[in-house]
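Only heavy atoms go into these numbers, but all of them, side chains included; no hydrogens, no water, no symmetry mates. First listed ligand is number 1; within each ligand, the first listed atom is number 1. What you see is a predicted model, and the numbers here were worked out from it, not measured in a lab.
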Amino acid sequence: MPVKIHDTLSKQKQPLLPEDGDTFRFYCCGPTVYGPAHIGNFRTFILQDVLRRTLEVEGVKLRHVRNVTDVDDKTIRQSQAEGKTLLDFTAHWTEKFHADCEALGALPPHDEPRATAHIPEQVEMIEKLVAGEHAYVGGDGSVYFKVTSCDHYGELSGLDTSELKTQSTNSAGAANDADEYDRDSVSDFALWKARKPEDGENFWSSPWGEGRPGWHIECSAMSVKYLGESFDLHGGGIDLCFPHHENEIAQSECATGTRPFARFWFHSAHLMVEGKKMSKSLGNLYTLADLEAKGYTPMEVRYALISGHYRQQLNFTENGLKAARSALAKIERSLRPILERLGVSTEEYRDEWIKPDELVTTGVFAPAWDSLCDDLNVPAALGGLFSALSELTDPQLHDSAVAGQLQSLGALLYALGLKVFTATEKPAAEVPEEIAALAEQRWQAKQDRNWAEADRLRDELTAGGWRILDSKDGYEIEKA
Ligand code: AMP
Ligand code: ZN
């Protein structure tokens with residue numbers, strides 16, 4: 001059974017198999033590097049990582065390309081404010097982004113092209129669009145894409161294009177040189193922006209004079225260069241669907257004459273804070289460093305970010321992080337005695353068993369795996385994982401059967417990108433051993449429904465200055 005996801009374009013579940021019968025080609029819009037990425041950005045990047053890992057476990061050969069936007073209004077403005085060259089400034093934030101990705105267990109893409117390293121490719125694509133009368137030089141010297149020249153403009157986002165047919169300017173009567181705009185101001189958009197004084201040293205020469213590329217064209221030029229004129233899957237946060245992805249489709253297909261630009265589209269819903277999208281402009285963001293400063297590990301953050309279905313918004317709360325901590329601790333707690341029984345150390349399991357192969361799709365982890373393959377249902381997969389883990393403690397099971405299942409669990413954990421026996425090291429180290437042991441006994445008593453003993457142990461912990469916080473799947477210990 002191939003992995004399936006909901007494709008935004010066809011509005012149907014589609015099987016993810018390589019069109020060319022060999023390599024599955026996956027393009028993702030990457031970060032704009034002008035500050036630390038926030039965990040909303042990482043929700044999207046990590047869900048893309050889970051999809052990539054799931055395909056790998058399924059044996060799909062894959063090429064993953066993700067760009068770095070290192071030139072736009074924001075990067076230019078901020079580099080100038082800090083008195084740095086655009087290159088130095090964006091290199092610093094790209095490095096920071098890589099470090100966060102690594103901590104969060106996101107695999108590096110196979111190619112990671114930067115916009116400023118691909119100016120000739122972008123110019124060449126714009127030249128084709130001008131030659132094909134899909135683009136024109138505006139009164140301000142910038143080059144604009146003519147949206148009415150693309151008869152299927154708006155298909156991805158379900159835009160009503162009837163109004164568009166006669167409109168080459170927005171409601172304010174101007175062509176649009178902003179990179180981001182909403183549906184109300186659909187209009188021709190900038191492919192090449194004529195040099196302005198505020199761009200400083202950041203300009204390149206082109207057949208239309210000095211300037212710089214608009215934002216949308218970089219993804220078209222680089223995806224076509226690294227993956228070909230038509231590739232399998234394109235991903236991004238749902239906010240990119242319009243106008244960015246709509247513009248990518250129009251300019252790519254009009255330049256190359258090849259349809260479809262991307263066969264399928266994978267959009268993830270937003271990480272929210274109190275009902276609003278987490279975003280830099282709203283100032284309601286958390287970075288990984290913010291959460292580490294609060295005592296959470298990157299694995300706990302990863303778990304929290306993947307714990308909701310990708311097509312549904314996820315509300316970010318500290319309780320979500322606490323639940324992630326408990327859940328990871330529960331996986332480790334359940335695994336420890338099973339590994340002990342097999343004589344496998346936790347380190348050996350972590351380092352050698354969590355890998356993409358050895359998935360047994362008929363065992364106790366099969367329902368979890370099926371959930372993951374069916375529209376990347378991570379919450380259902382996690383539920384299935386916990387049920388299967390409890391089945392493995394059955395003493396009737398033969399050691400070899402348990403070992404086989406643990407190998408399957410390793411493949412499932414690999415797909416989710418969850419590295420166990422590292423995730424809770426930090427908080428656990430702060431709790432004295434005898435307290436951790438008492439808490440564990442109390443948890444066990446609760447599992448055995450021995451309420452009196454559980455209460456007695458809780459009192460003992462309270463007297464010692466520790467508080468226990470229970471959740472559905474586990475508990476946490478805190479200094480009272
Ligand atoms: P940017 O660096 O702003 O270009 O964004 C990088 C990626 O993060 C894009 O795919 C965005 O759609 C995505 N993104 C931005 N904010 C959020 C959010 N609050 N939740 C999920 N994804 C987001
Ligand atoms: Zn893009």
Report task. Run the ring-centre check on Phe231 versus Phe261 and record whether the distance is less than 6.0 Å. Result -> yes
Report task. Answer with yes or no whether Phe42 contacts ligand 1, where contact means a heavy atom under 4.0 Å from a ligand atom. Result -> no
Query raised in the report: Taking distance alone, with no angle check, do Thr44 and ligand 1 share an N/O pair under 3.5 Å?
Result: yes
Query raised in the report: Residues in salt bridge (charged side-chain N to carboxylate O under 4.0 Å, His left out) with Arg43, at least two apart?
Result: none
Report task. Return yes when Pro31 approaches ligand 1 closer than 4.0 angstrom through a heavy atom, no otherwise. Result -> yes
Query raised in the report: What do you reckon, are the aromatic ring centroids of Tyr286 and His38 less than 6.0 Å apart?
Result: no
Query raised in the report: Can the ring centres of Phe24 and Phe264 be said to be less than 6.0 Å apart?
Result: no
Query raised in the report: In chain order, what residues pass the side chain to side chain donor-acceptor pair (under 3.5 Å) check against Thr54, with sequence neighbours excluded?
Result: none
Query raised in the report: Can you list the ligand 1 atoms lying under 4.0 Å from a non-hydrogen atom of Leu240?
Result: 9 (C), 10 (O), 12 (O)
Query raised in the report: Does even one non-hydrogen atom of Lys280 get within less than 4.0 Å of ligand 1?
Result: no
Query raised in the report: Quick check, are the ring centers of His267 and His6 under 6.0 angstrom apart?
Result: no
Requested in this report: Sort by chain and number the protein N/O/S atoms found under 2.8 Å from the Zn ion (ligand 2).
Outcome: Cys29 SG, Cys219 SG, His244 NE2, Glu248 OE2
Report task. Output all residues satisfying salt bridge (charged side-chain N to carboxylate O under 4.0 Å, His left out) with Lys276, sequence neighbours left out; order by chain, then residue number. Result -> none
